[in-house]
Protein chains: 2
Amino acid sequence: MQKPAIDHDYPENLDPRVEALVTQVIGRVADKWTMILLEVLTEHGEQRFSQLLRAADGISQKMLTQTLRQMERDGLVIRTVHAAVPPRVDYRLTDLGEGLSYAFCGVWVWAAKNVDRIESARAAFDAARER
Amino acid sequence: MQKPAIDHDYPENLDPRVEALVTQVIGRVADKWTMILLEVLTEHGEQRFSQLLRAADGISQKMLTQTLRQMERDGLVIRTVHAAVPPRVDYRLTDLGEGLSYAFCGVWVWAAKNVDRIESARAAFDAARER
DNA sequence: CTGAATCCTTGCTGATACTG
DNA sequence: CAGTATCAGCAAGGATTCAG
């Protein structure tokens, strides 16, 4: 992005260093599983590891652990270990995490609203490619 | 950034089939480069291939081609080939793409606003890990 | 139950070369 | 200029196993 933003209410990132930082954060946070976990934690509140594993359909245990660590590191979730047998670990959103989840809200709405348009666009594209 | 999304206008995903579809679309669209290209195309309008290559800092030519194809297939961008020498190909957002870009807007704002909080959270996390 | 460690497969990425 | 094609290196991700 070399040019300044024009007619938008985007925060003016005059500093290219800030610009790069934001882009990096976006890259880190605009991840499929991060988005889904934010959504699950927002809808159901505090969740255990195994609950998240079931809720985020299709995620592997490894990915879940890894994604949760990243989110914890970025200050999006808080990890609570309960000393018990069997062990129990809860994850809940921080206010930072809630803010991000809220920001993603619009994307979910958009996706839900436009699923059919995307599907037909794909069908049209693939049909054109056939020839 | 305060309350669970209960008080939001999320479409209630009663049908798990729809839920799965939406999740799939999110997974497809919640991609670093897709987000960045949407942003670039929103800010600067119609762009040529080479302009996008420069604007999306760090992307490889291969990834750019690939991402643009996916976006075209999903109906997010329109690809226009101008018969000229030298050849010229322009990409511009469809209204669907503009809608998605608009939906992502909140995430950009959030990221810009919270970069420093994330950075300090990371620092704290890494410091704690040292021990 | 949580999650770390291992192996192994897939796929991105970068570089390069080649068309229209 | 805007791609496609190919190859090599590397990292992401899945499945499995082991440990606290």
Side-chain angles (χ1 to χ4, degrees), chain A residues 2 20 23-24 26-37 40-41 44 46-74 76-92 125-126 128-131, chain B residues 23-24 26-37 40-41 44-73 76-92 125-126 128-131:
Chain A
Q2 57 243 49
T23 300
Q24 181 217 332
I26 290 282
R28 165 61 262 292
V29 128
D31 160 69
K32 178 187 175 183
W33 295 124
T34 300
M35 276 194 67
I36 290 177
L37 289 177
V40 171
L41 287 169
H44 303 109
E46 195 170 45
Q47 294 279 298
R48 307 183 50 170
F49 184 86
S50 53
Q51 289 179 299
L52 293 173
L53 197 57
R54 262 175 282 115
D57 199 46
I59 198 173
S60 67
Q61 192 198 56
K62 186 180 180 178
M63 254 295 105
L64 179 56
T65 302
Q66 188 174 312
T67 305
L68 285 171
R69 283 294 169 283
Q70 283 178 322
M71 292 173 73
E72 188 190 359
R73 187 172 110 99
D74 289 343
L76 302 177
V77 300
I78 290 180
R79 179 171 175 272
T80 310
V81 182
H82 299 276
V85 179
R88 177 202 180 93
V89 181
D90 287 331
Y91 294 88
R92 73 170 191 278
F125 185 88
D126 294 345
R129 276 243 136 190
E130 281 296 306
R131 289 183 263 104
Chain B
T23 300
Q24 182 216 331
I26 290 282
R28 165 61 262 289
V29 131
D31 159 70
K32 180 187 174 182
W33 294 125
T34 300
M35 278 194 66
I36 290 177
L37 290 176
V40 171
L41 287 168
H44 304 116
E46 196 169 42
Q47 294 280 297
R48 308 181 50 169
F49 184 86
S50 54
Q51 290 180 299
L52 293 174
L53 196 58
R54 264 175 280 114
D57 199 44
I59 199 173
S60 67
Q61 194 197 53
K62 192 177 179 181
M63 252 295 106
L64 178 56
T65 301
Q66 188 174 314
T67 305
L68 285 171
R69 283 294 171 285
Q70 282 179 323
M71 292 173 73
E72 188 190 359
R73 186 172 111 99
L76 302 178
V77 300
I78 290 180
R79 179 172 175 272
T80 310
V81 182
H82 300 275
V85 179
R88 177 201 180 94
V89 180
D90 286 331
Y91 294 88
R92 71 170 191 279
F125 184 88
D126 294 344
R129 278 246 134 186
E130 281 294 308
R131 290 182 263 105

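In what follows, chains carry the letters A, B, and so on, assigned in the order in which the sequence lines appear, proteins first and then strands, with residues in each chain numbered from 1.
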Exercise for the section: May I have the distance from Leu68(B) (atom CG) to dG3(D) (atom P), rounded to whole angstrom? Expected result: 8 Å
Practice task
Kindly say if Arg48(B) contacts the phosphate of dA2(D), meaning a side-chain N or O under 4.0 Å from OP1 or OP2.
Solution key: yes
Exercise for the section: Please round to the nearest 0.5 Å and tell me the distance separating atom CH2 of Trp33(A) and atom CD1 of Ile59(A). Expected result: 5.0 Å
Exercise for the section: Evaluate the criterion side-chain contact (heavy atoms from CB on, under 4.5 Å) for residue pair Asp57(A) and Thr23(B); output intermediate values, then yes/no. Expected result: CA-CA 9 Å; Asp57(A) 199 46; Thr23(B) 300; over 6 Å; no
Practice task
Quick one: do Thr65(B) and Phe49(B) satisfy side-chain contact (heavy atoms from CB on, under 4.5 Å)? Show the steps, please.
Solution key: CA-CA 8 Å; Thr65(B) 301; Phe49(B) 184 86; 3.5 Å; yes
Problem - Arg69(B) side chain, from C-beta outward: closest of dG3(C), dT4(D), dC1(D) - result: dT4(D)
Handout entry: Phosphate-side-chain proximity, Arg79(A) and dT2(C), N/O vs OP1/OP2 below 4.0 Å
Key = no
Exercise for the section: Report yes if the side chains of Asp90(A) and His82(A) come closer than 4.5 Å at any heavy-atom pair, otherwise no. Expected result: yes
Problem - Rounded distance (Å) that lies between atom P of dC1(C) and atom CG of Leu64(A) - result: 14 Å
Handout entry: Thr80(A) side chain reached by Arg92(A) side chain, heavy atoms, under 4.5 Å
Key = yes
Fill in the blank from the handout: Looking only at dT2(C), dA2(D), dG3(D), the nucleotide nearest the Tyr91(B) side chain is dG3(D)
Handout entry: side-chain N/O Ser50(B) vs dA2(D) OP1/OP2, d < 4.0 Å
Key = yes
Practice task
Grab the NZ-P distance between Lys32(B) and dA11(D) for me, whole Å please.
Solution key: 15 Å
Practice task
Can you tell me the distance, in whole Å, between the CZ atom of Arg88(B) and the C1' atom of dG3(D)?
Solution key: 16 Å
Practice task
Let me know the distance between CD of Gln51(A) and C1' of dG3(C), rounded to the nearest Å.
Solution key: 17 Å
Practice task
Taking the side chain as every heavy atom from C-beta outward, state whether Leu37(B) and Tyr91(B) have any atom pair closer than 4.5 Å.
Solution key: no
Exercise for the section: Figure out the CZ/C1' separation between Arg54(B) and dC1(D), and round it to whole Å. Expected result: 11 Å
Handout entry: Length of the NE2-C1' vector between His82(A) and dC1(C), whole Å
Key = 13 Å
Problem - Protein-to-nucleotide contact annotation, 5' to 3' order, nucleotides 13-20 of chain D [B base; S sugar-phosphate only; - none; under 4.0 Å, heavy atom] - result: BBB----B
Practice task
State, to the nearest 10°, the angle formed by the axis through the first five base pairs of the helix from dC1(C)-dG20(D) to dG20(C)-dC1(D) and the axis through its last five.
Solution key: 40°
Exercise for the section: Go through Val29(A) and Leu76(A) one step at a time and tell me if the side-chain contact (heavy atoms from CB on, under 4.5 Å) criterion holds. Expected result: CA-CA 10 Å; Val29(A) 128; Leu76(A) 302 177; 4.1 Å; yes
Problem - Ala30(B) to Met35(A) - nearest heavy-atom pair and separation - result: CB-SD, 3.4 Å
Problem - Rounded interatomic separation in angstrom, taking CD from Gln70(A) and C1' from dA11(D) - result: 13 Å
Handout entry: Pairwise side-chain contact, Arg28(A) with Thr34(A), heavy-atom cut-off 4.5 Å (strictly under)
Key = yes
